[in-house]
Enquirer: 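Structure below; questions to follow.
Fair warning: this is a prediction, and the values are worked out from it, not measured in the lab. Residue numbers start from 1 in every chain, and the chains themselves are labelled A, B, ... in the order their sequence lines are given, proteins ahead of strands.
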Number of protein chains: 2
Amino acid sequence: MGRTKAKPGVKPGPKVGKDRRQEILAAAAQVITDRGLSETRIQDIAETCGVSTGLILYYFESKDRLLVEALTYANDQFYLRLSRELRKNPSARAQLDRLIELSVPGLLPEFQFLDEWALWVEIWVRALRDPEMAKEHEVLNRRWRRSIADIVRHGRSTGEFPEGLDADELGIQIGAVVDGLAIQVLMDHGDVTPDDMLRVSRDVSAKLIGFALEPAGA
Amino acid sequence: MGRTKAKPGVKPGPKVGKDRRQEILAAAAQVITDRGLSETRIQDIAETCGVSTGLILYYFESKDRLLVEALTYANDQFYLRLSRELRKNPSARAQLDRLIELSVPGLLPEFQFLDEWALWVEIWVRALRDPEMAKEHEVLNRRWRRSIADIVRHGRSTGEFPEGLDADELGIQIGAVVDGLAIQVLMDHGDVTPDDMLRVSRDVSAKLIGFALEPAGA
DNA sequence: CCTAATCCTGAACGGTGAGTCAACGCCCTC
DNA sequence: GAGGGCGTTGACTCACCGTTCAGGATTAGG
């Protein structure tokens, strides 16, 4: 099986120690994505990473705690990925485009196995009643909107974007549009396709920030 | 009690005991709002409308079906209310304002006991996995966006709004903003207050539709 | 080797909650 | 006032699942 040979080497190889916790968190995120939070059983998680149910509760004090940690873990992964991608692009326009691309459910093939947005919705539901989750959500949420606001600020410093509304305000506005559209795409009736979301997000962002989009198609 | 004439020899049909069914649906919606969908037990619903647990499953073939019906029932209530309110206002501008007001979580005192948006989030989560709910969601969702698009069309016919983007497209855009903001307000960190949502929704709608807002405050 | 700590297992426990059912009473009809 | 059916009850069943636990396996250190 995936038995990891733990070398007695003092310092971490690729995988030691806390490794199991992370495996479990990843497995949990996977199961939550597949089955939904409310249908996720400890045994599913155990099977997904090939261990016994007992072990899950050896590393986590309760199922509830594990689930909250798994949700934030998955979101952290997305955020790290997003940050890395943004750093590659010096242009604020390109950054905004990339942020939007990464936010369209199921658009990027690497992400297909794990729909970030399906987990967001679970986070919302849980945060409504679970103070622990609410606290985490507040952090994740602010981080998300700040990513947008920072792009706006950056674009203004380079002169790509005009001055205008408070950047944080724009973070809220654009964030809201992206959230709202992502839900529609996620639901996957034909009404709003991934391409629609791309187009509309760019369009509305341009309108709100106040720069001109070069005509893409006709 | 309103006694409904029951035809003998028919299966548990939609006609039988319609009042009770509705009572149960209302109670279920209440419990879901209070405790959350995943924490809702049949017994809670039974207690809320003062009957036995057995009776709940006398009227509904399963808990799952009841929950789906309850969610759509609650949304229907909101939609009916919305339609009624809109019909009172001849002006499209006033209609849009009213729609936004009704969409702000917890703003209207009459609605405090039942946060429409908390139920929407539950609908989203469930619709992701339950085809039954997905089908219902599609209907509710279209109806919601069409309400917005119709206001836009109306405003154009009266000359209040300029011509521009396709009205359905605007329904999607404005709908997305309102959805996204409503989530933020619902989560109730201080970042987006009900007043913020009102202001931003109006502001963004005006920008997207293309009419000028008279300065409200200072 | 011996020992202790850590990792891991699978069975057993206990609570819980959906769904069932036999019985009861009330109203309607005849 | 007899009979039948609908609405209603609440106790019971039964499966499920989180959590615990006693102990087996593996590793680290001496």
Enquirer: Please give, in whole Å, the distance from D:dG18 C1' to A:L55 CG?
Expert: 15 Å
Enquirer: Using atom CZ of A:R21 as one end and atom C1' of C:dC7 as the other, report the distance to the nearest whole Å.
Expert: 15 Å
Enquirer: Hey, is the side chain of B:R20 poking within less than 4.0 Å of OP1 or OP2 on D:dC6, counting only N and O atoms?
Expert: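 No, because none of the side-chain N or O atoms of B:R20 sits under 4.0 Å from OP1 or OP2 of D:dC6.
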Enquirer: Using the test side-chain hydrogen bond (donor to acceptor under 3.5 Å, both in side chains), find all partners of B:T193 that sit at least two apart in sequence or belong to another chain.
Expert: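 Per chain and number, B:T193 pairs via side-chain hydrogen bond (donor to acceptor under 3.5 Å, both in side chains) with B:D196.
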Enquirer: Can you measure B:E47 atom CD to D:dT9 atom P for me and round it to whole angstrom units?
Expert: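 Computing the B:E47:CD to D:dT9:P distance gives 12 Å.
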Enquirer: Could you go through residues 46-56 of chain A and list every donor-acceptor pair under 3.5 Å that involves a side-chain atom there, pairing it with any protein atom two or more places apart or in another chain?
Expert:
residue : atom : partner : partner atom : Å
A:E47   : OE2  : A:Q43   : NE2          : 3.3
A:T48   : OG1  : A:D44   : O            : 2.8
A:S52   : OG   : A:L55   : N            : 3.4

Enquirer: Which heavy-atom pair separates A:I45 from A:A27 by the least distance, and what is that distance?
Expert: O-CB, 4.0 Å
Enquirer: For B:D19 and D:dT8, give me the distance from atom CG to atom P, rounded to whole Å.
Expert: 10 Å
Enquirer: Just to confirm, is there a sub-4.0 Å distance from OP1 or OP2 of D:dT9 to any side-chain nitrogen or oxygen of B:Y58?
Expert: no
Enquirer: Going through the distances and angles, do A:R126 and A:L37 end up as a side chain to side chain contact (heavy atoms under 4.5 Å, CB included)?
Expert: CA-CA 9 Å; A:R126 191 168 188 106; A:L37 190 58; 4.0 Å; yes
Enquirer: Generate the contact string for nucleotides 12-26 of chain C. Rules: B means base contact, S means sugar-phosphate contact only, - means no protein heavy atom under 4.0 Å.
Expert: -----SSBB------
Enquirer: Just jot down the side chain to side chain contact (heavy atoms under 4.5 Å, CB included) partners of A:P105, sequence neighbours excluded, or say none.
Expert: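 Result, side chain to side chain contact (heavy atoms under 4.5 Å, CB included) vs A:P105: A:W117, A:A182, A:V185, A:L186, A:M197.
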Enquirer: Residues in salt bridge (charged side-chain N to carboxylate O under 4.0 Å, His left out) with B:R145, at least two apart?
Expert: A:D191
Enquirer: Return the residues of residues 125-134 of chain A meeting this criterion: a heavy atom under 4.0 Å from some atom of DNA chain D. Order them by number, or give none.
Expert: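 Correct list: empty, so none.
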Enquirer: Measure the distance from OH on A:Y59 to P on C:dC8 and round it to the nearest whole Å.
Expert: 4 Å
Enquirer: Starting at atom CD1 of A:I56, determine the distance to atom P of D:dT19, rounded to an integer number of angstrom.
Expert: 12 Å
Enquirer: Under the salt bridge (charged side-chain N to carboxylate O under 4.0 Å, His left out) rule, collect the residues that match up with B:E136, sequence neighbours excluded.
Expert: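 For B:E136, no residue satisfies salt bridge (charged side-chain N to carboxylate O under 4.0 Å, His left out) once neighbours in sequence are set aside.
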Enquirer: Quick one: list whatever passes side-chain hydrogen bond (donor to acceptor under 3.5 Å, both in side chains) with A:E122, sequence neighbours left out.
Expert: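 For A:E122 the side-chain hydrogen bond (donor to acceptor under 3.5 Å, both in side chains) partners, ignoring immediate neighbours, are B:R129.
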Enquirer: Using the side chain to side chain contact (heavy atoms under 4.5 Å, CB included) criterion, which residues pair with A:V204? Sequence neighbours excluded.
Expert: A:V177, A:V200, A:L208, B:Q173, B:L208
